[in-house]
Amino acid sequence: MRKYFGTDGIRGQVGKGVITPEFMLKLGWAAGKVFNGQSKNKILIGKDTRISGYMFESALEAGIVAAGADVRLVGPMPTPAIAYLTRTFRACAGIVISASHNPYTDNGIKFFSSEGGKISDELEEEIEYWLDQPMEVVESDKIGKAKRIDDAAGRYIEYCKGTFPIGLRLVGIKMVLDCADGATYHVAPRVFSELGADVIVIGASPDGLNINEVSGATKPELLQKNVVAHGADIGIALDGDGDRLILVDKFGKVCDGDDVLYIIANHLSSKGQFSGGVVGTLMTNFGLELALSERGVGFSRANVGDRYVNEKLTQHGWSLGGEPSGHIVCKSITTTGDGIIAALQILQAMLEEGKPLHELLEGLVKFPQKLKNIRVKERFIPSEVPALQKAIAHANERLNGSGRVLLRASGTEPLIRVMVEGRDDELVSDLIDYLSAEVQKVI
């Protein structure tokens, strides 16, 4: 366990704990010390649309240049865009100021390495070491410089379009695109429209306060209504920082990350372009594992979090992985979860197979699965609480080997997540209520 970093960087409520300008100044300095090395180098900083991002951008910039590193500012950009731009600008690191799918009252920091992947545990520990050291400014002639990159959005748009097959166009596809009033508002509509789609855009008027408020990957209800109302072929919902997506078919049914993984793997397999297997997480529906097995596709589970999915992909030498929440990593194309690129993979499958979204899911039968999030004042590890150990054992006994139970602490929010999966929907419902009540007793 690290002091400041969680499963996806550093995150919390603005103005409380470490999510303050003072801490961000020190964090910038610590990052500058770690990444600058022996010679001056540059660190990219991007952010989503929440109002506090401007405050933290300035603080990070000041800390980094105080450590002697240069800064390149790209403004509001999706998280996966920072991963890409960090590589193309040959920066030593990339920083994203974002709290992903959380409300505007939260914010956080994510780091990318020079290769565009999440930084290692060792680098996080090194940053934490410098955070606890006295801050010292380099000599005046060694202070870093900050510049703004004006064409960052255009570069990322062209990169996304370049992942779509030459000669294939989205003409005839009518879609509703929900940008969650977040970081994709100015790039995602252009990607899909420039490829020929008829795009109806919602959630693309950020004001600093409305990110993830009424729409986006965690709130697909508005997208569902719009898809049906406009008679669209597909709905695409991105989250506030653009690293996850949720789809909606023409009937208004939501398709999650498990559905996306199945479609991509099945499509590539049918073309003879898929080898190895798929990495999911502890939350991945067992129905996906069975469906992939029937098609001769391997499957492996990682801990929850896209960084762990990425690590498992590297370990196996595989190229496709993700989470039910919509983080999809297409490692043969990009280095991290990217909602726009994953959506383009789905659209490619629809066009090349000549099938609507719902037909691409034929052959995937999911087990009944229910999830509840229980808010807590202080995080704790459920498996270390005797009462909850006993409750989990009782639930597993009732499932009798035909399902799964998972209680875990969220790595990004003060929540205990309770998941039950099994063949019997009524039993799953009973057990999710039972386990939730047991957690409530503990807190």
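Residues: numbered from 1 along the sequence shown.
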So the side-chain hydrogen bond (donor to acceptor under 3.5 Å, both in side chains) pairs with at least one residue in residues 72-84 (sequence neighbours excluded) are T79-D241

For T336, the side chain to side chain donor-acceptor pair (under 3.5 Å) test, sequence neighbours excluded, returns none

Using 4.0 Å as the upper bound for N to carboxylate O, is an ion pair formed by K118 and D306? yes

Side-chain polar contacts of residues 217-229 - donor-acceptor pairs under 3.5 angstrom, sequence neighbours left out - could you list them?
{"from": "K219", "atom 1": "NZ", "to": "N212", "atom 2": "O", "distance (Å)": "3.0"}
{"from": "Q224", "atom 1": "NE2", "to": "G252", "atom 2": "O", "distance (Å)": "2.7"}
{"from": "N226", "atom 1": "ND2", "to": "L222", "atom 2": "O", "distance (Å)": "2.8"}

Please check if the side chain of N41 supplies one atom and the backbone of N36 the other of a donor-acceptor pair under 3.5 Å. no

What pairs meet the side-chain hydrogen bond (donor to acceptor under 3.5 Å, both in side chains) rule with one or both residues in residues 317-332, with sequence neighbours excluded? D243-H327, N310-K331, E323-H327

The criterion is salt bridge (charged side-chain N to carboxylate O under 4.0 Å, His left out); which residues satisfy it with R301, sequence neighbours excluded? E289

Whether Y185 side chain and A180 backbone form a donor-acceptor pair below 3.5 Å: no

Which label fits W29 and W130: parallel for a plane angle under 30°, tilted from 30 to 60°, or perpendicular past 60°? perpendicular

Any salt bridge between D259 and K253, counting N to O under 4.0 Å? no

The criterion is ring pair (Phe, Tyr, Trp, His ring centres under 6.0 Å); which residues satisfy it with Y434, sequence neighbours excluded? H394

With sequence neighbours left out, write down each residue that passes side chain to side chain donor-acceptor pair (under 3.5 Å) with H358, or none if nothing qualifies. none

Which salt bridge (charged side-chain N to carboxylate O under 4.0 Å, His left out) pairs, counting each pair once, include a residue from residues 390-407, with sequence neighbours left out? R404-E421

Could you tell me whether D8 and K110 have a side-chain N and a carboxylate O separated by less than 4.0 Å? yes

Residues forming a salt bridge (charged side-chain N to carboxylate O under 4.0 Å, His left out) with E61, sequence neighbours excluded: none

Could you list the residues that satisfy salt bridge (charged side-chain N to carboxylate O under 4.0 Å, His left out) with D424, not counting sequence neighbours? none

Which residues pass the side chain to side chain donor-acceptor pair (under 3.5 Å) test with N303, not counting sequence neighbours? none

Partner residues of N107 under the side chain to side chain donor-acceptor pair (under 3.5 Å) criterion, sequence neighbours left out: S52

Whether over 12 other heavy atoms sit under 6.0 Å from I333 CD1: yes

Ion pair check, E57 and K47, cut-off under 4.0 Å: yes

Neighbour count above 12 (heavy atom, 6.0 Å) for K366 NZ: yes

